[in-house]
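Here is the structure we will look at, set down as structure tokens.
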Amino acid sequence: MHEKEKLTGFELVWYLGVFGFLLVWFTQIHPLVVYDADDWTYLANVRSATPIWGDWNPAKVFPETVMPFFSTVAVYTLMPLLGDYILAQTVMHALVVSISITVYVFCFTELVKRVLPVKTAGAVSASALFLLLHFLIFRSRQQDNSYLFFCFDLNCYYNYLIPGLLNASLVMYMLNNPGFDDFLAGGSPAKKGIFYLVLYYAIFSNLTTSGILAAFAGSCMLISIIRKGKSFRLGQFVRENALYLGILLAWLVSAIFELSGGRATSSEWNGSFAWKLKYTLYGLKEVALGCNPVFWCISVGCVIAAIAALVVSRGKKPGNKVDPWLSGVCIVAAAAILVYTLFLCAAVSPSYIYRSEYLFEFCFFGLMIVSLCFAYLLSVWPKLFFFTPLALCILVSQINTRGTTFQESTVENLNPKICAEISRDIIDQYVQADQAGQKQMLLYVPVHTEDPDTQDNWPHSVVLLPRITNTLYEHGIISCPIDITVVPSTEMNEKYHLEIPQGE
């Protein structure tokens with residue numbers, strides 16, 4: 001075990017570099033833009049910070065309180081400086097996502113330093129590999145690839161990625177951390193209160209992402225039972241695993257609440273569960289076969305080499321041994337979250353197995369194991385440091401391509417600049433009506449469907465888009481609520497050079 005150390009200058013530069021890169025990524029390269037009806041709905045959606053029985057999303061406390069909070073902060077802090085509502089939202093949400101990923105990388109680096117006898121350079125090298133694999137894993141084409149930090153729209157970042165990062169960071173913070181054990185035993189009430197608040201938000205976020213924490217808690221309890229063997233005593237077990245039992249109970253409560261909601265009964269697929277599970281398994285196979293070959297070579301190579309090094313060094317370098325129980329917790333949790341994700345996708349929609357938002361959960365455990373294996377190799381064979389910088393540079397070159405390598409986080413992969421202009425157009429229509437003293441207005445949006453009579457027209461839904469009134473009024477963009485009638489118009493398509501669906 002290692003005592004807690006202060007951040008070195010090298011580590012600080014690394015984290016600032018990670019944050020800076022991510023901020024540029026989410027503001028300039030692939031900006032997060034307010035665009036579709038879900039984005040507009042939840043920018044200022046005010047809900048209770050407790051589960052709501054029978055609501056559309058009963059237990060999604062985190063996304064539906066945190067997203068409007070930061071959206072509102074953007075209005076009163078960044079908008080006066082930037083002079084643009086949409087740009088202020090992009091910058092604020094990019095900051096939130098970038099900080100979340102940086103903390104996630106920080107927690108992994110600290111985990112490496114805690115469980116392995118590696119120097120700072122080794123921990124940062126493993127951390128760099130960990131980060132890069134999130135981009136490499138699905139990079140199989142010249143352009144429009146997915147990656148593990150990708151979501152389909154801004155709203156999904158708060159529903160999936162940020163809660164996933166929060167749950168994963170908590171797992172890495174708790175994993176084999178004697179400081180955490182001391183904190184639970186004698187930490188200050190204030191600090192404990194903050195920790196349990198974070199834990200509450202992690203669990204009551206999304207059934208997809210909270211499964212990370214539940215799988216970890218369950219695996220810790222299972223490994224504890226195995227370790228006790230014949231000396232197992234129920235009372236002692238409950239006392240020693242009170243936190244993990246509490247996590248599982250809280251997660252079960254969130255699941256029960258979520259089953260009461262409207263989304264739980266809105267499955268897009270018909271057919272038996274067995275048939276849907278079969279299709280989900282087929283989808284998982286396609287995803288695995290579609291992963292980058294270099295990613296598979298690195299992952300399999302690191303794991304096999306680490307196992308070989310562990311066997312060779314056993315009994316010779318006790319300081320370099322990996323705790324077998326720690327390895328067991330990670331492996332059991334990875335297997336549990338994989339099974340959980342398969343069943344969840346089969347229950348909701350088998351097509352979700354193709355989405356990075358659902359793949360992140362078990363990929364996190366896999367990438368953590370692979371990167372820990374790499375760090376272990378550096379601890380056993382320090383001469384590998386001679387090749388590490390070159391290997392990481394080559395890895396970066398495998399991620400980037402000559403085309404637009406990764407998808408945009410917008411519906412239909414539309415250029416974010418066009419999305420931003422359309423959203424500004426919508427705001428301008430509202431502002432003009434407000435200045436004219438109108439209480440009703442026609443809101444013109446692009447046509448996205450072949451059926452002119454449909455109430456869908458996603459992403460500018462005829463049914464959902466009137467909620468934009470609440471957002472703009474809440475944020476002070478308009479002086480009073482305005483009743484709107486959404487009008488899909490081909491003139492908007494022509495204005496922004498969007499393809500007009502056939503049949504119009």
Handout entry: CG on Leu390 to CG on Leu395, rounded to 0.5 Å
Key = 11.0 Å
Practice task
Verify whether the ring centers belonging to Phe180 and Phe195 lie closer than 6.0 Å.
Solution key: yes
Problem - Parallel, tilted or perpendicular, as decided by the 30° and 60° cut-offs, for the rings of Trp25 and His30 - result: tilted
Handout entry: Trace of the side-chain contact (heavy atoms from CB on, under 4.5 Å) decision for Asp153 with Cys156
Key = CA-CA 5 Å; Asp153 62 10; Cys156 283; 3.1 Å; yes
Handout entry: Over 12 non-hydrogen atoms of neighbours within 6.0 angstrom of NZ in Lys192
Key = yes
Problem - Asn57-Glu64 side chain donor-acceptor pair, cut-off 3.5 Å - result: yes
Completion exercise
In this structure, CG of Leu184 is separated from CG of Leu243 (nearest 0.5 Å) by 5.5 Å
Handout entry: Donor-acceptor contact below 3.5 Å, side chain Ser397 vs main chain Ile394
Key = yes
Completion exercise
Here the pair of heavy atoms bringing Ile399 nearest to Leu132 is CD1-O, 3.5 Å
Exercise for the section: Side-chain contact test, heavy atoms from C-beta onward, threshold under 4.5 Å: evaluate it for Asp39 versus Gln89 and give yes or no. Expected result: no
Practice task
Mind running side-chain contact (heavy atoms from CB on, under 4.5 Å) on Ile162 and Val97 for me, showing each step along the way?
Solution key: CA-CA 7 Å; Ile162 300 177; Val97 174; 4.0 Å; yes
Practice task
Would you check if the side chain of Ser254 reaches a backbone N or O of Ala59 as a donor-acceptor pair within less than 3.5 Å?
Solution key: no
Problem - Interatomic spacing from CG in Leu245 to CZ in Arg239 - rounded to 0.5 Å - result: 12.5 Å
Handout entry: Any donor-acceptor pair under 3.5 Å from Ser231 side chain to Lys228 backbone
Key = yes
Problem - Heavy-atom side-chain contact between Val253 and Pro51 under 4.5 Å - result: no
Completion exercise
Residues at least two apart in sequence or cross-chain that pass ring-ring contact (aromatic ring centres under 6.0 Å, His included) with Phe273, listed by chain then number, are Phe343
Handout entry: Of Phe149, Phe364, Phe108, the residue whose pairing with His134 passes ring pair (Phe, Tyr, Trp, His ring centres under 6.0 Å)
Key = Phe149
Practice task
Check the pair Glu110, Asn177 against side-chain contact (heavy atoms from CB on, under 4.5 Å), reporting the backbone distance first and the verdict last.
Solution key: CA-CA 10 Å; Glu110 291 298 303; Asn177 188 348; over 6 Å; no
Completion exercise
Output for pair (Cys330 SG, Met172 CE), nearest 0.5 Å, gives 10.5 Å
Fill in the blank from the handout: So NE2 of His93 and OG of Ser71: to nearest 0.5 Å the spacing works out to 3.0 Å
Problem - Side chain proximity check, Tyr282 to Pro350, heavy atoms < 4.5 angstrom - result: no
Handout entry: Minimum-distance pair of heavy atoms, taken over all atoms of Leu392 and Ser125
Key = CD1-O, 4.3 Å
Handout entry: Contact summary for Pro416 and Glu408, nearest pair of heavy atoms
Key = CG-OE1, 3.3 Å
Practice task
Look at the side chain of Arg139 and the backbone N and O of Gln398, then say whether any donor-acceptor pair between them is shorter than 3.5 Å.
Solution key: yes
Exercise for the section: Kindly assign one of parallel, tilted or perpendicular to the pair Tyr104 and Phe360, based on the angle between their ring planes and the thresholds 30° and 60°. Expected result: tilted
Problem - Expected output: side-chain Asn145 to main-chain Thr405 donor-acceptor under 3.5 Å - result: yes
Handout entry: 4.5 Å side-chain heavy-atom contact, Trp251 and Leu207
Key = yes
Completion exercise
Smallest heavy-atom separation, Ile353 atom then Leu359 atom, equals O-CD2, 3.2 Å
Practice task
Verify, without hydrogens or angle tests, whether Glu11 (side chain) and Ala123 (backbone) share a donor-acceptor contact under 3.5 angstrom.
Solution key: no
Handout entry: Phe385 atom CZ, neighbour heavy-atom count above 12 within 6.0 Å
Key = yes
Practice task
Taking all non-hydrogen atoms of both residues into account, name the closest pair between Ala217 and Leu248 and its distance.
Solution key: CB-CG, 4.1 Å
Handout entry: Side-chain donor or acceptor of Ser224 paired with backbone N/O of Cys220 under 3.5 Å
Key = no
Exercise for the section: Would you indicate whether the side-chain heavy atoms of Leu166 and Ser100 approach each other to under 4.5 Å? Expected result: no
Handout entry: Residue pair Phe216, Leu175: steps toward the side-chain contact (heavy atoms from CB on, under 4.5 Å) verdict
Key = CA-CA 9 Å; Phe216 169 71; Leu175 194 59; 3.4 Å; yes
Problem - Heavy-atom side-chain proximity of Leu284 to Thr341 below 4.5 angstrom - result: no
Handout entry: Val96 side chain reached by Tyr158 side chain, heavy atoms, under 4.5 Å
Key = yes
Practice task
Look at the rings of Phe26 and Tyr157 and say which category their plane angle falls in: under 30° parallel, 30 to 60° tilted, over 60° perpendicular.
Solution key: perpendicular
Handout entry: 4.5 Å side-chain heavy-atom contact, Leu95 and Phe70
Key = no
Completion exercise
ring pair (Phe, Tyr, Trp, His ring centres under 6.0 Å) test vs Phe135 passes for just one of Tyr147, Phe150, Phe130, namely Tyr147
Problem - Closest non-hydrogen atom pair, Val75 against Met79 - result: O-CB, 3.2 Å
Problem - Side-chain donor/acceptor of Ser409 to backbone N/O of Cys151, under 3.5 Å - result: yes
Completion exercise
dist Ile212:CD1 -> Leu170:CG (nearest 0.5 Å) comes out at 10.0 Å
Fill in the blank from the handout: Sorted by chain and number, sequence neighbours left out, ring-ring contact (aromatic ring centres under 6.0 Å, His included) with Tyr358 holds for Tyr160, Tyr352
